[in-house]
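Here is the structure we will look at.
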Amino acid sequence: MFKTVLIANRGEIACRIIRTAKRLGLRTVAVYSEADAQALHVKLADEAHLIGPPPAAQSYLSAEKLIAAAKAARADCIHPGYGFLSENAAFAQSCADARLAFIGPPPSAMLAMGLKDRAKALMEKANVPVVPGYHGEMQEPKFLKQKAYEIGYPVLIKAVAGGGGKGMRRVDRHADFDTALEGAQREAKAAFGDARVLIEKYITAPRHIEMQIFADSHGNAIHLNERDCSLQRRHQKVIEEAPAPGMSASLRAEMGAAAVAAAKACGYVGAGTIEFIADGAGGLKSDGFWFMEMNTRLQVEHPVTEAITGLDLVEWQFQIAAGEKLPLKQDQVPLNGHAVEARLYAEDPERGFLPSTGKLIALQFPSGEGKGLNLRVDTGVAAGDEVTPFYDPMIAKLIAHGRNREQALSVLANALDATIVAGPRSNAGFLAALCRAPEFREGSFDTGFIDGHLEELGASPQGMDKAAAALGARELLTRERSRIAAAAEREADAARSAHISPWDADDGFQLSGPRRQIVPILADGQKATAQVIQERSATAVSIDGIAAASDAVYVLRRGRQTKVAFRDLSLDEGGDGAGGGIVRAPMHGKVLSVLVAEGAEVTRGQRLAIIEAMKMEHTLVAPIDGTVSEVAVAKDDQVAEGAKMILIVAKE
Ligand code: ADP
Ligand code: ADP
Ligand code: MG
């Protein structure tokens, strides 16, 4: 076995790997960028090394710096986690060259499976069913369009080098193909430095079903059951579960065998996932699933497999990398109960799920302990930490395990209700609504479920939560009163020694307080007036989910956050002045293109600019009809959240 592991990652996955490594008696070495000096994974590890500035390209993606750190720490192995360099064959090779064991598959297997086109060709040879489509060399737009036509709409354009749902576009009509291709290529180029695409038949009523596989270096390979990851948004997993609803033992064996064949075809060693797309119309069936891609690493959603098998997949990864044999035979792999995982993100479901950065004013998770609940929370942040624009804004994963699906979903929904995230917005309320959505509960869903139910799930603008604003105003007043009371106390003390009455002070705030107060407030930046009725002896309001920053309170109701602050009336006049005509950056990001110039006439809804953040593109549109009177940004500019980008003056 190994003695010292360097974890080439951050966040929850780094913490999760450190936990198992410690249990196995390994010394753990963390790496961190300047943005992560105080991060949880740094605190958990036995030793930590600074590897560079915040941008991932200069830190977590720098093979050179990681290997230098591993050498300095005298590590004998590197665990890459997921994301970052986990699927980078050149990095795995560099590790081998530096005599560091890479906790993952051999570089040759990563190369064989790394690009979707090559992987599909290999799978065809191994008789694994693949999604019909075009995955050849030719990339001429005209040729690809012709191929799409031959395959038959709807089709899916995918980046050959894709991952994380990026560089992917569904096309329903021939007329939309060119624009979609351009978008996919641009996104693919930006995210992966490779604009090549393939085209697939879009499977209707698609369900994403993947098999967890494990192979050792002695030629053995098994599967550890499937996971259903059909609840997605933008082709990214939101909720994952195991086993898949409606999966029969015989179909499981069949998909498992296909997955094992896929692993053997590329000479795989270690933990991997074979992703299949299944036609869910009329139930899962043996001629209705196709290979999509292989993820040659540990998966974000591996905990649901751990829950139903009782195994620790990271432990297995270390054992296999150390040359041991698989600990179990296929027929010894357990499958107990049902597990569901939700990815808790710092994002705003009401604003198109925009990532939401900032300091975590409060962060609390329920604990299953002592309540007989089987709940696991994997996180990499704590209250006081910052969600930065540099990395994936995942806050935590909540994993519930139950006797059956019903129970697991209920435990998860309740856990999400009891989760407190203040500061950045989170998708906690949205996830809880998903867990409770009747059709999903009944097991009738496909990958289009979330997009088809956004409103019911609360993922549309809800307007001001007036009850929350009122609670916030009351809390602010209570706090103001105790502050003034404390100040008066101090003055009284001072006055006693100076023989002056404190009541001469003209600050207008009486200790007994008026019973009714009109308070101008800002609720999420929106002007409002709260009428607060105070009890004479105001006791501290204790409402679950109120968190305080220095100048505001955050009220959480049903997973929704409202930030309440006193409104300074003197600032109300002469504000922005331009009414609804200011277009602000919805998030930290980079300007990819500006589509209008000063003086242009625009209509409401017209595209004005594209910004990129978290490797995703966001299009900004005109909020009103009018004339562009100012363009405050240029291509390639970095913009901060809330920064003015474009000003439109309404027509007279
Ligand atoms: P999974 O199938 O496990 O969800 P994804 O493909 O969505 O895996 O990616 C796993 C994680 O890695 C996600 O958090 C994603 O944001 C991140 N990720 C994916 N591709 C990249 C990449 N090229 N560079 C950095 N991080 C990535
Ligand atoms: P990535 O590398 O970004 O994870 P995948 O090829 O795994 O890309 O696809 C991501 C998601 O897109 C899948 O989980 C599925 O929901 C959807 N998808 C992919 N291929 C198809 C298809 N042919 N038909 C319908 N949906 C698909
Ligand atoms: Mg995938």
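Ligands are counted one by one from 1 in listed order, and the atoms in each one are counted from 1 as well. Values in this document were obtained by computation on a predicted structure and should not be read as measured data.
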Quick one: do K237 and E210 satisfy salt bridge (Lys or Arg N to Asp or Glu O under 4.0 Å)? Show the steps, please.
CA-CA 12 Å; K237 298 156 187 170; E210 59 185 34; 3.2 Å; yes
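A side-chain donor-acceptor contact under 3.5 Å links T273 and R227. No side-chain donor-acceptor contact under 3.5 Å links N295 and Y82.
The minimum heavy-atom distance linking R405 with G443 is given by the pair NH1-N, 3.7 Å.
The heavy atom nearest to atom 16 (O) of ligand 2, out of those in Q232, H208, Q236, E275, is found in Q232. Evaluated by nearest non-hydrogen atom to atom 20 (N) of ligand 2, the leading choice among E293, M294, K166, K158 is K158.
When each atom of ligand 2 is checked for a heavy atom of G163 under 4.0 Å away, the hits are 1 (P), 2 (O), 3 (O). Of all the atoms in ligand 2, the ones that sit under 4.0 Å from a non-hydrogen atom of V131 are 23 (N). Atoms of ligand 2 found under 4.0 Å from any heavy atom of G165, numbered from 1 in the order shown, are 1 (P), 3 (O). Close contacts between ligand 2 and E200 involve ligand atoms 20 (N), 21 (C), 22 (C), 23 (N) [criterion: under 4.0 Å to a heavy atom]. Taking every heavy atom of G162 and a limit of under 4.0 angstrom, the matching atoms of ligand 2 come to 2 (O). Atoms of ligand 2 found under 4.0 Å from any heavy atom of L156, numbered from 1 in the order shown, are 18 (N), 19 (C), 20 (N), 21 (C), 22 (C), 27 (C).
Interatomic distance, E315 CD to I320 CD1, rounded to the nearest 0.5 Å: 10.5 Å.
Contacts of I203 with ligand 2, taken as heavy-atom pairs under 4.0 Å, involve both backbone and side chain. Contacts of K237 with ligand 2, taken as heavy-atom pairs under 4.0 Å, are absent altogether.
In this structure, K116 is part of the shell of residues with a heavy atom less than 4.0 angstrom from ligand 2. At least one heavy atom of M168 sits less than 4.0 Å from an atom of ligand 2.
A salt bridge between K158 and D117 is absent, with no side-chain N of the basic residue lying under 4.0 Å from a carboxylate O of the acidic one. A salt bridge links E187 with R169: at least one charged nitrogen is closer than 4.0 Å to a carboxylate oxygen. Salt bridge R343/E301: present, at least one basic N to carboxylate O contact under 4.0 Å.
Closest approach between the Mg ion (ligand 3) and any N/O/S atom of E293 involves OE2. Looking at E275 and the Mg ion (ligand 3) together, the shortest N, O or S contact belongs to OE1.
Inter-residue side-chain proximity for P243 and E226 is flagged as met; some heavy-atom pair is nearer than 4.5 Å.
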